[in-house]
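In this text the structure is predicted, and so the values were computed from the model without any measurement.
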Amino acid sequence: MAKVGLWANAVGLLISIVGTLLLFLHTTNQYHSAIQDIGSIAIAYLGLILLGMSVSVTGVALLLRSNRD
């Protein structure tokens, strides 16, 4: 169970990092930042970041559970 927790934590962090980088690259690009619906695009990237955080928290919960048993 500990290996699954570590992998879930690592995957979650990777998803969050990718979402953060995509959001940063998108908002710093002059062409894309001029698009009027930047809000909906940013929300999609923030959703990706939150998904990564959720997976990472699940990994931590699995680690805590395996340490308790």
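- Taken from CG in L50 to CD1 in I15, the straight-line distance is 12.0 Å, to the nearest 0.5 Å.
- V18 and L23 end up in the same hydrophobic cluster when Ile, Leu, Val, Met, Phe, Trp and Tyr side chains are linked at under 4.5 Å.
- Think of L13 as one node in a network of Ile, Leu, Val, Met, Phe, Trp and Tyr side chains linked at under 4.5 Å; it has no links at all.
- Once rounded to the nearest 0.5 Å, the distance linking CD1 of I43 with CD1 of I49 reads 12.0 Å.
- What you find for A8 and G59 is that their closest heavy atoms are CB-CA, 3.7 Å.
- The structure places OH of Y45 at 8.5 Å from CG of L25, a figure rounded to the nearest 0.5 Å.
- Formation of a donor-acceptor pair under 3.5 Å by the T58 side chain with backbone atoms of S54 is found in this model.
- Residues passing the side chain to side chain contact (heavy atoms under 4.5 Å, CB included) test with V4, sequence neighbours excluded: L62.
- To the nearest 0.5 Å, the span separating CG on L46 from OG1 on T20 amounts to 8.5 Å.
- Within the hydrophobic cluster formed by Ile, Leu, Val, Met, Phe, Trp and Tyr side chains joined at under 4.5 Å, directly or through other members, L6 is accompanied by L63.
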